[in-house]
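Structure record follows, encoded as structure tokens.
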Amino acid sequence: MDVAAALDRLAPRLSPTATEAVNARRLSGGASLETWAFDLDDGTPLILRRRPDGAAMRETALSLASEAALIRAAEQAGAPTPRVVRVCAPRDGLGEAYVMRRLEGETLGRRIVRDQAFAGVRPGLARRCGEVLARIHAVPTAGLPDLATSDARGELARYEEIYHQLGAQRPILEAAFRWLESIAPPPPERPVLVHGDFRNGNLMIHPTGGLVGVLDWELAHLGDPAEDLGWICVNSWRFGEWRKPVGGFGDYADLLAGHGGEISLDRVRFWQALGSLKWGVMCLMMYSSFATGQDRSIERAMIGRRTSEAEIDLVALMEAPMGMLS
Amino acid sequence: MISHPTAAELAEAVAAFDAEAVLPGDARQAFLARVADNARATLAREAEQGATLEAEAVDRLSALLGAVGDFAMLNARLCEALREGALDPLDPALLAHLRATAIGQIAIDQPSYGGLAALRDGGNGG
């Protein structure tokens with residue numbers, strides 16, 4: 001498939017003043033989805049998301065048309081998102097794909113939490129994340145594409161099943177499953193739209209504009225709003241700035257206040273701990289593709305050794321469980 | 001013994017990467033070269049600290065479970081006790097063992113990880 005040539009042919013349908021696409025280049029990224037950056041000759045900066053030819057969809061992942069519909073719904077609700085320009089049709093010759101505006105900013109957590117360029121926006125970022133999540137969580141669910149619904153107990157059971165299938169003997173993960181099961185909150189009365197992967201890496205941060213785009217809606221589902229608030233507090237995405245629980249740049253109080261103040265810290269900390277547990281299981285899962293020979297890269301081997309990062313975070317959380325949900 | 005991956009698997013993956021042809025300017029390969037460097041450093045730390053850590057873990061597990069055996073057997077028995085609910089996940093003696101286990105393994109896998117300082121600080125950043 002010649003993606004650049006297909007984008008060239010598509011250019012006039014992406015902007016009335018464009019005749020061709022230029023500078024098409026594939027960005028590094030996932031194996032399940034390709035991301036391409038390109039420009040139109042009228043200067044419009046764009047991104048193409050497409051499923052590679054023959055790639056199987058992950059069982060839990062959304063179709064790209066659904067992803068695009070969610071981005072549009074979130075934009076309507078006032079959340080910052082890249083504007084979707086076109087959901088591709090078969091005649092576009094790009095397979096399952098959509099095109100969106102390319103935003104200016106940084107997604108690399110290491111830079112966002114440390115670089116001087118972001119020092120001005122960091123103090124307000126945790127509150128802003130809370131505000132943006134509140135808008136996402138307020139999206140009317142009636143008009144959305146079909147989404148899976150999950151809750152705390154269901155997620156625990158799902159990840160414990162995966163963990164058992166992997167055949168690892170990790171007492172910290174075993175203890176964390178039992179502990180979290182004993183304090184799991186009931187499902188929310190009204191499940192909301194949950195982004196599902198709201199963390200450094202998927203947030204476009206501009207040096208003066210702050211959070212300008214929430215990216216990667218592939219794991220969106222219906223569930224507990226505290227799930228998104230807890231996920232961005234997982235230590236693995238603080239990039240060394242562990243004293244700042246919200247993404248390595250802010251405090252719990254600002255995140256909670258930005259969201260509206262109706263969600264308790266204990267509920268967020270539960271989902272943060274479940275987030276660390278899920279991350280630990282994901283590291284084992286990614287390692288297993290090395291073990292089975294599916295992907296023998298050094299990267300897949302080494303990611304297994306990041307399980308211990310989730311484990312040390314879980315021990316810290318188990319040592320200081322506070323009045324969790326009691 | 002540390003598994004998922006074992007030191008032998010890690011060494012094998014490093015050797016496979018080193019055997020690949022060098023592609024100058026290839027971003028993916030440059031990234032993998034940094035991962036391979038990290039893997040070599042991890043292997044060096046494990047060669048130095050792994051045996052001591054395992055011996056200490058066996059001592060702790062024997063005391064905790066009141067049993068004798070090698071690391072794999074005792075560790076599997078601990079996992080089983082947790083799974084079956086025979087041990088409270090917040091039991092202080094258990095937590096002391098898990099804490100020592102976590103600190104020992106992160107010292108090999110990723111000694112600069114912020115979670116180590118956070119655990120020693122007792123707060124995990126609040």
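Order of the sequence lines sets the chain letters (A, B, ...), proteins ahead of strands, with each chain counted from 1.
The 12-atom threshold is exceeded at CZ of Arg40(B), counting heavy atoms of other residues, nucleotides or ligands nearer than 6.0 Å. Few gaps surround CD on Glu262(A); more than 12 heavy atoms of other groups in view lie less than 6.0 Å from it.
Considering only heavy atoms from C-beta on, Tyr113(B) comes within 4.5 Å of Ser236(A) through its side chain. Between Glu309(A) and Asp109(B), every side-chain heavy-atom pair lies at or beyond the 4.5 Å cut-off. Within the 4.5 Å cutoff, the side chain of Ile2(B) has heavy atoms near those of the Arg305(A) side chain.
Neither the backbone nor the side chain of Glu20(B) comes within contact range of chain A, judged by heavy atoms closer than 4.5 Å. Both the backbone and the side chain of Asn38(B) come within less than 4.5 Å of a heavy atom of chain A. With a 4.5 Å cut-off on non-hydrogen atoms, Ala39(B) touches chain A through its backbone and its side chain both. Only the side chain of Arg28(B) comes within less than 4.5 Å of a heavy atom in chain A; its backbone stays farther off. For Arg300(A), no part sits under 4.5 Å from any heavy atom of chain B, backbone or side chain. Ser112(B) does not touch chain A: none of its heavy atoms, backbone or side chain, sits under 4.5 Å away. For Leu116(B), the parts lying under 4.5 angstrom from a heavy atom of chain A are both the backbone and the side chain. Heavy atoms closer than 4.5 Å to chain A are found in the side chain of Glu46(B), but not in its backbone. Contacts between Gln110(B) and chain A at a heavy-atom distance below 4.5 Å involve the side chain alone, from C-beta outward. Contacts of Ile303(A) with chain B are absent, with no heavy-atom separation under 4.5 Å from either backbone or side chain.
The CZ atom of Arg296(A) sits 7.0 Å away from the CD atom of Glu9(B) when rounded to the nearest 0.5 Å. The CZ atom of Arg170(A) sits 10.0 Å away from the OG1 atom of Thr101(B) when rounded to the nearest 0.5 Å. Between the OG atom of Ser308(A) and the CD1 atom of Ile108(B) there is a distance of 9.0 Å, given to the nearest 0.5 Å. To the nearest 0.5 Å, the span separating CG on Leu119(B) from CD on Glu311(A) amounts to 12.5 Å.
Within residues 280-290 of chain A, the residues that have a heavy atom under 4.5 Å from a heavy atom of chain B are Leu284(A), Tyr287(A), Phe290(A), listed by number. Of all residues in residues 53-60 of chain B, none places a non-hydrogen atom less than 4.5 angstrom from a non-hydrogen atom of chain A. Contacts with chain B (heavy atom to heavy atom, under 4.5 Å) involve no residue of residues 225-233 of chain A. Residues of residues 71-83 of chain B lying under 4.5 angstrom from chain A, judged on non-hydrogen atoms, are Asn75(B), Ala76(B), Leu78(B), Cys79(B), Leu82(B), Arg83(B) by number.
Nearest approach of Ile298(A) to Ala13(B), heavy atoms of both residues: CD1-CB, 3.7 Å. The two residues Met318(A) and Leu90(B) come nearest to each other via the heavy atoms O-CD2, 3.6 Å. Here the closest non-hydrogen pair linking Leu98(B) and Pro171(A) is CD2-CB, 3.9 Å. Contact record, Arg178(A) with Pro89(B): CB-CG, 3.9 Å, taken as the closest heavy-atom pair. Of all heavy-atom pairs spanning Ala175(A) and Leu94(B), the tightest one is CB-CD2, 4.5 Å. Scanning both residues, Leu10(B) and Met302(A), for their nearest heavy atoms gives CD1-SD, 3.7 Å.
Ranked by heavy-atom pairs under 4.5 Å with chain B, the first of Ala176(A), Ala168(A), Ser297(A) is Ala168(A).
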